[in-house]
Structures are given as C-alpha cells and as structure tokens.
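Chain A is the first sequence line, chain B the second, and so forth, proteins listed ahead of strands; every chain is numbered from 1.
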Amino acid sequence: MTTPHQPETILVCVAWPYANNHLHAGHLAGAYLPADVFARYQRLKGNRVLMVSGSDSHGTPVTVRAEQEGTTPEAVFQRYHRSFLETWKGFGIGFDLFTSTDTANHIEVVQEIFSRLLERGYLYEAEQELLYDPVAQRFLPDRYVEGICPICGFDGARGDQCDNCGSTLDALELKSPRSRLSDATPERRASNHFFLKLSAFTEQLQAWVEPKDFWRPHVRGFTLGMLREGLKDRAITRDLTWGVPIPLDGYNDKRIYVWFEAVIGYLSATKEWAASAANPTRNADDWHDWWTDPSARTEYFIGKDNVPFHTVIWPAILMGYGGLNLPYDVPANQYLTMSGTKASKSRGGVVWLPDYLERYDPDPLRYMMTANAPETSDADFTWDEYVRRNNDELVARWGNLVNRVLTITGRNFDAKVPEPPATLAPESQALLDRVDAAFDTVGADIDRVQLRRALNGAMEVAQAANQYIDARAPWTAVKNDREHAAETLYVTLNVISGLVTLLDPVLPFTCATAWTMLGHTGSIEAGGWRRTPVLAGTALPAPAPLFKKLDDSVVTDEEARLAAQAAG
RNA sequence: GGCAGGGUAGCUCAGUGGUAGAGCAGCGGACUCAUAAGCCGUUGGUCGAGAGUUCAAAUCUCUCCCCUGCUACCA
C-alpha cells in the first residue's frame, strides 16, 4: 500500500567519465549503477526524474593518450564516447541525456558562469611558476613530473607525491626532475592564470554542510575536515589549447581547466535536454524546474575521489553564481577493489565492461554490485563471489521461486491464475501484507541511497515466499485439496508480482521478462511502485528460467584472464 | 605527517547503550513442485588491543595497532 504523494522533481547527476579508456567494473559500482537504481525507483514512484551525465572530453589524460597514439584529442574522445554509450545500453543505465563537454552549449554555459564569477570578484588573475616541458612544449601537471624525492631520496617520485615514502611534494622540489612525457628536463616558467576564490566560501560552505546529517559519514566527515583546514584558492585555467576557451581577449593559448568546467556539465546537460526533442514539452526554459525551483532535489552519484569537487568546489561555484540549487545529497561510493587491489584504468587487472558483456548478462553483475556495493567502505569484487551470488541468490532463491510456481500452475491449473477462496488463510494474508509493506521500507531505503539494505529487504521477501510454499506444499495439495493449492499459487503469484516491481530497479532486464510471464501487459514502470495484482483467470505464458546457473569454471577462466591482463 | 572511512563467525557483510546477527561454506534432517533449486535444525566469534564512563558498551570517551583512500596543477 503506497500513500499518494506529490510528485517530486529530482535531478540525478552522475560523474563525467574521462573519455580516455573503456569503463570498468569500478565505474559501474561506484556511480553509474547506484544512480540508475535510484533513478529507476524514482520513476516507478511517479517522480519527475532527469538523469544526466556525459563524457569528459578534456583533461590531461585525454590529451596524453592522443599524443601517445599520434592522433587528436577529439578522435580519442569520440572513440570512447561511443564505447560509453554502448556500455550504458548493455547494462541498462538509463540516462535521459548522456552528452559530453565538447558541445557548443556546454562551452556557452561554462563561459557564462566564468564571466559572472569574474564580475562578482570570485575570480582573479595571478602569476604562478610552473614546470614546462621544452620538448613536448607543454606545461606539466605535478604528477607528470618524475624525479628524486627530496625527503627519502627515492628516484621515481612523482611531482605530487612520493610512492616510496608517501610524502606530499611540490614538483618544484624534486631533484633531477624529468618529464614523464618526453624525459626532458622541465624548466620553470611563469604564467598568468585565473584563480577561484575558494577561501571566500569557507563559512558559507560550513553552514551548508553542517546540517546535512543524512549524508554518508565519509562524505560529510571528509568535507568538514577539509573546511576546517581552510580552503586555498585554486587556479582554474591552464596553458593548453584543448578545452573550453576563456571568454576574454588575449587568452588564446589558455583554457578553462577540467575540474572547474566538468562539474558545470550537470547544468549544461540539463539545459541541453530541456531544449531537445527528448523533452516532451520542448520548452527550453524547463531546466529551471531542476535548478531554480528550491523544492527540486539534486543528487550526485560519484566515486569518493570526486568528493571535494562536489561538496566544496561545485557548491562554491554555485554560491558565487547565485540562484541555483546546491546539491541535496552526494552519496559517493568508496572503491570497488579487484581481489583486494584497487581498480585502475591505467594499471589493468580490472573487469572491462564491454568485455564482460560479450560473455555474461547484465543483471547478475548489477545484482552482485548492489548487494555488495562499496557504500560505507571499500568492497571487494571476486569472480568467486560473483558466481556464488548468481547461483545461490539469483538462480536458487529468486529465479527458482518464479520458475517453480509458474511450472506448478502451468501443469495443474491449465496455465491460468487459479481462483482463490473468498477468505484467505492467515499466513496467506500475512505474506501479501509483507510484500505490500516492503514497498514502503525498500522504497525508503532506495530514497536514502541505501541500496544494499534495500536489495536485502526485497530478497528477504523472496525467502519468505519460499518458506510459505514449502509449508503449504501445493504439489501435494493439488492431488487432495485443489482449493488449498489454488490459494497457495494465487498468493505466491501475487507476491512474485510485487517482487518483480521491488527488484526492477536492480534487475531491469530479467524483471521485464518475469513481468510478461505473469501475464501482465504494459510496462513495469506504468504499474507504479506497488504490487500490481495478478487476477484469477489470467492466462500465463510458458515460463523460462530467468537466470543461467554458472559453472565453477567461470571463476578459474576469469581469474586467469585477469592475471594475464595484469601481467601483460 | 595531516585528514577521512574501516577493522564483528572460515568468507562477504548487517548491527550506534540492554542477554552477539544474516547469507555462503561445514554438519544433521524432512521433503521432492522447481535450473539437485527450496525448507528445517545445528557447529562456529575474548565484536583489532588496552584503559575509562555507565547498573549495562560491538555501540560513548581516550591511547595504541592494522587496512584503504585523500592530501588540493589527476579529477
């Protein structure tokens, strides 16, 4: 039983992936999957949801990859942008718009924000001394410089940090510095840049974050700690030619840098969507509904490495600009580790998503990553656990429940939903009540982005249904008490119907199949966040298993694949 | 070094003041509709270490140890 409610307006913002490589399992677990589960639930609930993100086409990694391949940043970005779109399709990540930072609209929005912040005195120009690679003819970010650590003497320390002793460094301190791009010795050069006056927002940010007691402890704690230490102004421009141009004369060789510009993508994507054919009203001003109506919720799904940009820098930009909604929540996930090691685009040893889809179905990975999501601490992915969850939980507990009930009904009741008695037995009514109540509890969990708990709550109902069936043994009753069996199957089919909707946010592909096997027409989403009743007499199509049981050889095969990848 | 998160059964993890929990693995049992799945029972933990507060602490305070991440020109 769900209570009627006013539809909410919710913007689901998801991190913008660097378009410099394919996506791996860590991306999915960290941001894209939780965002999609959340958005699917909100749509089922009848809320007005817009889910946006896009490829980050700028940034050093894209440029570096292009140089390594002897091609252009545009070509690199285009290639991986297409890969991302395929990945979303394959895993059912339902963006309303997945654009990129390489659009005229985005550039316009970024420049408008830049100009207003400059006008208001939140940007200022100052000179800074940087390392320049004379061979590659580029200024070097700290981490692209290597040299001898001034603290421990380790040769191979990066400009930002020494991997040997863990010290935080300034690239200018390194002894015998060399560029990681060309091996050349970098030279010092002064350059003028625009700085964002973050220091001006410390108190305002503190007052904003302090009451957010519903934020995840690691997100809120990290943010408050950072504010306590005090914010330093940051340069938001770079000496580059690939990026958003500065909207002033005389800065042709400089660009606005990604960390300032990419977060603005949430706003520019909303504007792009509003003006596009995807918006039913075709009213370009609709972006206001998500950004200037204070009742709208904006939720940001990101990995923990992205927290400062979404709880400090982006809010500061919004405060400086004025009149736009600040983030409601930033449910950042921790990391997904691969058999104990951190997933990394560069280091390998990861499960690449396009590769996964060539061999397996999307729902089992969606399930596994929701059940074991890195919500409070890092979570480990192992193929052993993947196979176990698939076989024990999806196949055995849930898929088998559907299959056994549909099979018994098909064989004994002419493939039609049996007629229940006028009054249901107490245990029958209790089970139906339990499913209906789960819509409130599971829904509340998803709304707070406690997806692990939500999924667990739904799966407990599946377990209760198995217990109910076992206790009432319809396979026996069908021979000596048909009415008893009819009641059991009628009730269980209805419980399954509820479970299909409860599980749909996590398992959209298999739930769509199960939905039709229950004789329902239309979409699950149209049915809403409630148990869609299965009516007596409805014809049931022939059932088929929802999930495939996986052989243990999957574990050894995939582990060998990972090992080969890490070695090669 | 600083900051943050975490350290609970063999494994993956719930559990923020009131007699230690789930799933899996192990062991035993009853059933047989179902992808040999499902169900019942059971073995197993000095809740990282120590001290403190309390009638009572996994849960609050302090110290220490270990793991992970961040430390702001990677985003």
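Each of A:Trp259 and A:Ala373 was matched to the nucleotide of RNA chain B holding its nearest heavy atom; the match closer to the 5' end belongs to A:Ala373. Nearest-nucleotide assignment on RNA chain B puts the 5′-proximal partner with A:Val395, out of A:Glu129 and A:Val395.
With hydrogens and angles left out, the side-chain atoms of A:Ser57 and A:Asp102 include no donor and acceptor closer than 3.5 Å. In this structure, a donor-acceptor pair under 3.5 Å is absent between the side chains of A:Arg482 and A:Asn412. Using a 3.5 Å distance cut-off with no hydrogens or angles, the side chains of A:Tyr360 and A:Asn390 do not pair a donor with an acceptor.
Contact annotation: side chain of A:Asn403 to base of B:rA34, donor-acceptor pair absent below 3.5 Å. A donor-acceptor contact under 3.5 Å is formed by the side chain of A:Asp470 with the base of B:rG38.
Between B:rG7 and B:rA58, the distance separating the two P atoms is 15 Å to the nearest Å. Rounded to whole Å, the C1' atom of B:rC60 lies 16 Å from the corresponding atom of B:rC55. Nucleotides B:rG5 and B:rG23, compared at atom P, are 31 Å apart to the nearest Å. Between the C1' atoms of B:rU46 and B:rC27, the separation comes to 25 Å (whole Å). For the P atom pair drawn from B:rA4 and B:rU61, the interatomic distance equals 13 Å after rounding to whole Å. B:rA72 and B:rG15 are spaced 36 Å apart, taking the C1' atom of each and rounding to whole Å. As rounded to the nearest Å, B:rG38 and B:rU54 have C1' atoms that lie 47 Å from one another. Between B:rG44 and B:rC24, the two C1' atoms lie 14 Å apart (nearest whole Å).
Summarising the base pairing, B:rG44 is matched to no nucleotide, lacking a Watson-Crick or G-U wobble pair whose two defining distances lie under 3.5 Å. Shown here, B:rG69 forms a base pair with B:rC3; the pair counts as Watson-Crick or G-U wobble because both key distances fall under 3.5 Å. The partner of B:rG17 cannot be assigned: no Watson-Crick or G-U wobble pair with both contacts below 3.5 Å exists in any strand. Of the nucleotides present, B:rA51 is the one that pairs with B:rU61 by Watson-Crick or G-U wobble criteria, both distances under 3.5 Å. Base-pair partner of B:rC24: B:rG10 (Watson-Crick or G-U wobble, both distances under 3.5 Å).
OP1 or OP2 of B:rU12 has not a single side-chain nitrogen or oxygen of A:Arg452 nearer than 4.0 Å. The side chain of A:Arg411 contributes an N or O atom lying less than 4.0 Å from OP1 or OP2 of B:rA34. In this model, the phosphate group of B:rA14 is approached by a side-chain N or O of A:Thr376 to a distance below 4.0 Å at OP1 or OP2. Residue A:Arg388 has no polar side-chain atom (N or O) positioned under 4.0 Å from OP1 or OP2 of B:rU12. Contact check, A:Tyr18 against B:rA75: a side-chain N or O comes under 4.0 Å of OP1 or OP2. OP1 or OP2 of B:rA37 sits under 4.0 Å from a side-chain N or O of A:Lys549.
Of all nucleotides listed (B:rU35, B:rA75, B:rU68), B:rU68 comes nearest to the side chain of A:Asp378. Side-chain proximity of A:Gln334 to the nucleotides B:rG38, B:rA75, B:rG5 is greatest for B:rG5. Nearest to the side chain of A:Gln467, among B:rC40, B:rA4, B:rG15, sits B:rC40. Comparing B:rA14, B:rG69, B:rG23 by their nearest atom to the side chain of A:Lys304 picks out B:rG69. Nearest nucleotide to the side chain of A:Tyr257, out of B:rC39, B:rC33, B:rC74: B:rC74. Counting only heavy atoms from C-beta on, A:Phe547 has its side chain closest to B:rU35 among B:rU35, B:rA75, B:rU32. Taking the side chain of A:Phe222 as heavy atoms from C-beta on, and the options B:rA75, B:rG5, B:rC70, the nearest nucleotide is B:rC70. Of the candidate nucleotides B:rC39, B:rU35, B:rC33, B:rC39 has the atom lying nearest to any side-chain atom of A:Gln463. Taking the side chain of A:Arg453 as heavy atoms from C-beta on, and the options B:rG15, B:rC74, B:rC33, the nearest nucleotide is B:rG15. Residue A:Asn400 has its side chain nearest to B:rA34 when only B:rA75, B:rU35, B:rA34 are considered.
Of all the heavy atoms in A:Tyr257 and A:Leu240, the pair that sits closest is CE1-CD1, 3.5 Å. Closest heavy-atom contact between A:Arg472 and A:Ala425: NH1-CB, 3.7 Å. Between A:Val506 and A:Asp363, the shortest heavy-atom distance links the atoms O-OD1, 4.2 Å.
In this structure, A:Phe114 and A:Phe260 have perpendicular ring planes: the angle between them is above 60°, well past the 30° mark.
Among the protein residues, A:Ala379 comes within range of the sugar-phosphate backbone only, with heavy atoms under 4.0 Å from sugar or phosphate atoms but none that close to a base. The residue A:Ile469 sits apart from the nucleic acid: no heavy atom pair falls under 4.0 Å. A:Gly457 comes within 4.0 angstrom of nothing in the nucleic acid, heavy atoms only. In this structure, A:Leu130 reaches the bases: a heavy-atom distance under 4.0 Å links it to at least one base atom across the strands shown. Among the atoms of the strands shown, none is found under 4.0 Å from any heavy atom of A:Leu224. Within the nucleic acid shown, A:Ala396 comes within 4.0 Å of sugar-phosphate atoms alone, with no base atom in reach, counting heavy atoms only. Residue A:Pro545 is in base contact, counting any heavy-atom pair closer than 4.0 Å across all strands shown. If you check every strand for non-hydrogen atoms under 4.0 Å, A:Val258 touches sugar and phosphate atoms only. Backbone-only contact: A:Asn372 has heavy atoms under 4.0 Å from sugar-phosphate atoms and none from a base.
Panel note: side chain A:Lys254, backbone A:Asn192; a donor-acceptor pair is recorded below 3.5 Å.
Put simply, OG on A:Ser191 and CG on A:Leu130 are 6.0 Å apart, with the number rounded to the nearest 0.5 Å.
Nucleotide B:rU35 holds its C1' atom 20 Å from the CZ atom of A:Arg389, rounded to whole Å. When rounded to the nearest whole Å, the span between NE2 of A:His310 and P of B:rC70 equals 16 Å. If you take CG of A:Leu401 and P of B:rU32, they are 19 Å apart, rounded to a whole angstrom. Look at CH2 on A:Trp16: it is 16 Å from P on B:rA75, rounded to the nearest Å. Rounded to an integer number of Å, the gap from A:Met369 CE to B:rC13 C1' is 17 Å. A straight line from CD1 of A:Ile302 to C1' of B:rC70 spans 13 Å, rounded to a whole angstrom. Between the CE atom of A:Met459 and the P atom of B:rC24 there is a distance of 10 Å, rounded to whole Å.
The cationic group of A:Arg65 does not satisfy the cation-pi geometry with A:Phe77, failing either the under 6.0 Å distance to the six-membered ring centre or the 45° limit from the ring axis.
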